[in-house]
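Take a look at the structure set out below.
These values consider heavy atoms only, across backbone and side chains, with no hydrogens, waters or symmetry-generated copies. In this chain, residues are counted from 1 in sequence order.
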Amino acid sequence: GRDPPTRCGYRRGGVLTMDPTGGAAERQHVATAVESALANIDIVSLIATFLEAKDLCQAKVTCKSLGSASDDSDEASLNGLSMAEEAAKRIHEDASDEEKA
């Protein structure tokens, strides 16, 4: 059941919240925003610039939306590459000769 109310709100898993539903609507909103962002190659490429190569590979392995080649016609510009592969390709293409060495 639901945790009992306290003087300041509701306690859920050790976290005090004012929302008796435990923030389900907010979590759904965040999940939708993240899913939308991961469908945008420009955003994925930007995020990938902050990752080491091994971390980008791990993201590709663990995240279906990043690791699978898209059959969607909207993603035809990926040329059969996964989002992670396309992001890596873009990072490499934008790198200087010094960075590539």
Side-chain angles (χ1 to χ4, degrees):
R2 193 174 359 175
D3 295 328
T6 65
R7 281 189 359 206
C8 299
Y10 292 86
R11 189 162 297 280
R12 272 258 195 272
V15 176
L16 188 63
T17 177
M18 296 304 291
D19 183 357
T21 66
E26 179 65 19
R27 283 192 304 278
Q28 180 61 41
H29 177 72
V30 169
T32 301
V34 168
E35 185 177 318
S36 177
L38 291 178
N40 183 320
I41 188 59
D42 295 324
I43 293 174
V44 172
S45 295
L46 178 63
I47 292 168
T49 63
F50 294 97
L51 300 175
E52 297 287 330
K54 65 181 172 125
D55 297 326
L56 183 56
C57 289
Q58 186 63 38
K60 179 183 181 224
V61 170
T62 58
C63 182
K64 183 178 179 182
S65 64
L66 296 179
S68 299
S70 177
D71 295 330
D72 192 352
S73 61
D74 292 339
E75 297 296 332
S77 63
L78 298 182
N79 297 318
L81 298 175
S82 71
M83 295 286 269
E85 292 165 339
E86 178 65 20
K89 178 181 153 203
R90 289 181 180 201
I91 292 168
H92 180 74
E93 289 172 349
D94 291 342
S96 67
D97 290 337
E98 184 178 309
E99 290 172 319
K100 290 178 184 177

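Across H92 and K100, no two heavy atoms sit closer than the pair O-CE, 2.7 Å. Across every non-hydrogen atom of T49 and I91, the tightest pair is N-CD1, 3.7 Å. The two residues I41 and A87 come nearest to each other via the heavy atoms CD1-N, 4.0 Å. Heavy-atom minimum distance, S82 versus K60: OG-CE, 3.5 Å.
Take L51 and apply the side chain to side chain contact (heavy atoms under 4.5 Å, CB included) test, not counting sequence neighbours, and it matches D55, L56.
Judged purely by atom type and a 3.5 angstrom limit, S36 has no side-chain atom pairing as donor or acceptor with the backbone of T32.
Checked for salt-bridge contact, E86 and R90 meet the test: a charged N lies under 4.0 Å from a carboxylate O.
Atom CD of E93 is surrounded by more than 12 heavy atoms from other residues, nucleotides or ligands within 6.0 Å.
Exactly one of V44, L38, D42 qualifies for a side-chain contact (heavy atoms from CB on, under 4.5 Å) with N40. That residue is D42.
Note: the hydrophobic cluster containing M83 does not contain I43 (ILVMFWY, side chain heavy atoms under 4.5 Å, direct or indirect links).
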